Amino acid sequence: MDSSQSVTRRGLRGSPWWSLVAVAFGVIMVGLDATVVSIANPFIARGLHANLADLQWVTNGYLLVTAVLLIPAGKLGDRVGRRKIYLIGMAGFALASVGVGLSGSIGLVILFRVFQGAFGAFIMPNTLAILRKTFPLEKLNTAIGVWGAASAIAIAGGPIVGGLLVQDVSWQSVFYLNLPVSIIGIVISVLVLLESRETDVESPDFPGILTLAATLFLLVFGLIKTQTWGWTDPKTLACFGGAIIFAALFIFAEGRVSSPLLPLRIFASRALSMSTISVILNFFAFYGVIFFVSLYLQEVHGYSPIQAGVRLLPLTAMFVVSAPLGAALNQRFGPRFPVTIGMLFAAVGLWILTSLEVNSSYTLLAVPFVILGLGVGFVLTATSDAIVGNAPSQDAGVAGGVQSTALQIGGVIGTSVLGSVLLDRVGSTLVSKMTKAGVPGSLAPKLLVAKPLIAEGAAPHVAHIPAQLQLAITNGSHAAFLSGLHVAMVVGIVVCLLGAGTGFAIGNKRPSEDNVPEETIAD
């Protein structure tokens, strides 16, 4: 048992379950922000006269800086104190949220969203690290199940809470919501969390920090810009090529420092390395699906953001069930079973979604949502336990950063790759779908310029044409979008089957306590 378990606890201070409550507030705050922003974006656009590119950077600026800083933030927690860095993250995230709400220009909104992303990176890896240091390994799996359920509640409730606030109060109130959540979480954390850190603190690994930051920045930035530049554009290839070069430099540098930013020895654990790959593949499928199905609900079916959010509940709310259930399966069978079966469940859910049509009933969505939600939750819990539990105790923050970074990278790759697949399919089928819907052959090819719009589920409006012809254009656009959606789901199925393979490779061994260097544990 590691040294954090031998500390004499006084009252609530150091209580594992109260510590779980404390970190749950950070998870909930970040989870809420992940979904309410998408609801607030249209209102931000109207209030601050922002264009589509501006709104993309409201999301992408946050995502980019978070991906770059997750592992360094986890390492920082290991070095100077996980409780301290977590509290700084909570306070900074709340203040940055208030800054977003007070911003009078879209430029300031983007700037404070970048600050949010930086402080969010301080929060997430250290929540897992705190759990790793507070719970004995035989109970860590259950704690991570509750951790996953807390995140699920926030993600599921975000669209509904955000929709009510932006419609009945203001878009700024969506961000002000983080302030009371943060205050409550900070008060509880100060009262109950113990501090833990490494005792052997050496000079920071600046070569590792710089090369890893450059690798992740170029990778994530390149993926984000594929939608604008295309996959074969020289600028895209330069980003990916640069990411490969810096990754090689990072590996070279990490093998030559005594205290590396990311100790590569942790990947010698097959369970940890295969679980990291499984996280990427799992969230490739999940974020790709939730992004494009949200477009389907709002653009094809015409639902409002709140109505679409409510209809996504079977998917997101299933995490509340699947996260602790996945923890129980992981405890009973080891990670191989929940990860493998979870990825297969996800593949089945995507397969059902390939039968979606323009006028499909909600039943055809609810059933695969439930199946997909079960699968994603199983994988999230089991892989989080495998990654954090199989890393040496002194690297708990780094391991949390690896898990969170893998999740972010999977989501970015999923939306980028599936978006490109959908866009290409729309382009190749648009003319035939338009003519089949009744659009004249002379007009259909001219609508190819609207391919990006149609790939978002929307339909172009042509001025001064009969209503019946506009209806034909709308029907043809939706048919082309669904054709692209079906192909994107097939790609997602292939990814899920690959994930099932990596899940099987994880093995059945549960983490066991390791012999680790003594740490400083402070009351």
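Quick note: residue numbers are just sequence positions, from 1. Everything numeric here is computed off the predicted structure, so don't read it as measured data.
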Tell me if a side-chain donor or acceptor on [X] pairs with a main-chain N or O of [Y] at a distance below 3.5 Å.
X: Q408; Y: A67; result: no
X: S189; Y: G185; result: yes
X: S416; Y: L223; result: yes
X: T215; Y: T211; result: yes

Ring geometry between F119 and F122 (parallel below 30°, tilted from 30 to 60°, perpendicular above 60°):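 F122 and F119: perpendicular rings.
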Flag the pair [X] / [Y] as yes when at least one side-chain heavy-atom distance between them is below 4.5 Å, and no otherwise.
X: T134; Y: W18; result: no
X: L218; Y: F246; result: yes
X: V65; Y: F217; result: no
X: V58; Y: V109; result: yes
X: F115; Y: F93; result: no
X: L102; Y: Y176; result: yes
X: L131; Y: V388; result: no
X: M90; Y: F25; result: yes

Once rounded to the nearest 0.5 Å, what's the spacing between atom [atom1] of [X] and atom [atom2] of [Y]?
X: L272; Y: Q403; atom1: CG; atom2: CD; value: 10.5 Å
X: L179; Y: L95; atom1: CG; atom2: CG; value: 7.5 Å
X: L70; Y: S404; atom1: CG; atom2: OG; value: 5.0 Å
X: F284; Y: I413; atom1: CZ; atom2: CD1; value: 7.5 Å

Of all the heavy-atom pairs spanning [X] and [Y], show the shortest one and how long it is.
X: A386; Y: S275; result: CB-OG, 3.2 Å
X: R13; Y: L193; result: CD-O, 3.5 Å
X: L212; Y: P72; result: CD2-CD, 4.5 Å
X: S322; Y: G373; result: OG-O, 3.1 Å
X: V68; Y: A213; result: CG1-CB, 3.7 Å
X: L165; Y: L177; result: CD1-CD2, 4.2 Å

Residue F252 excluded, over 12 heavy atoms near CZ under 6.0 Å: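 No, because the 6.0 Å sphere around CZ of F252 holds 12 heavy atoms or fewer from other groups.
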For S105, side-chain hydrogen bond (donor to acceptor under 3.5 Å, both in side chains) partners two or more places apart: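 S105: no side-chain hydrogen bond (donor to acceptor under 3.5 Å, both in side chains) contacts found.
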Stepwise side-chain contact (heavy atoms from CB on, under 4.5 Å) check, W171 with L48: CA-CA 11 Å; W171 68 262; L48 299 179; 4.0 Å; yes
Stacked cation flag R46 on F43, 6.0 angstrom / 45 deg: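 Verdict for F43: a cation-pi partner in R46.
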Within 45° cone of F135 ring axis and under 6.0 Å: R132 NZ or CZ: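 Because its charged atom misses either the 6.0 Å distance or the 45° angle limit, R132 does not stack over F135.
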Candidates V487, L482, L430 - the one meeting side chain to side chain contact (heavy atoms under 4.5 Å, CB included) with R425: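 With R425 as partner, side chain to side chain contact (heavy atoms under 4.5 Å, CB included) holds for just one option, V487.
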Test log, rule side-chain contact (heavy atoms from CB on, under 4.5 Å), inputs L350 and C496: CA-CA 9 Å; L350 297 185; C496 289; 3.9 Å; yes
Verdict with reasoning, Q116 to S97, per side-chain hydrogen bond (donor to acceptor under 3.5 Å, both in side chains): CA-CA 7 Å; Q116 272 191 311; S97 299; 2.7 Å; yes
side-chain contact (heavy atoms from CB on, under 4.5 Å) between L297 and F292, intermediate numbers included: CA-CA 9 Å; L297 289 171; F292 294 109; over 6 Å; no
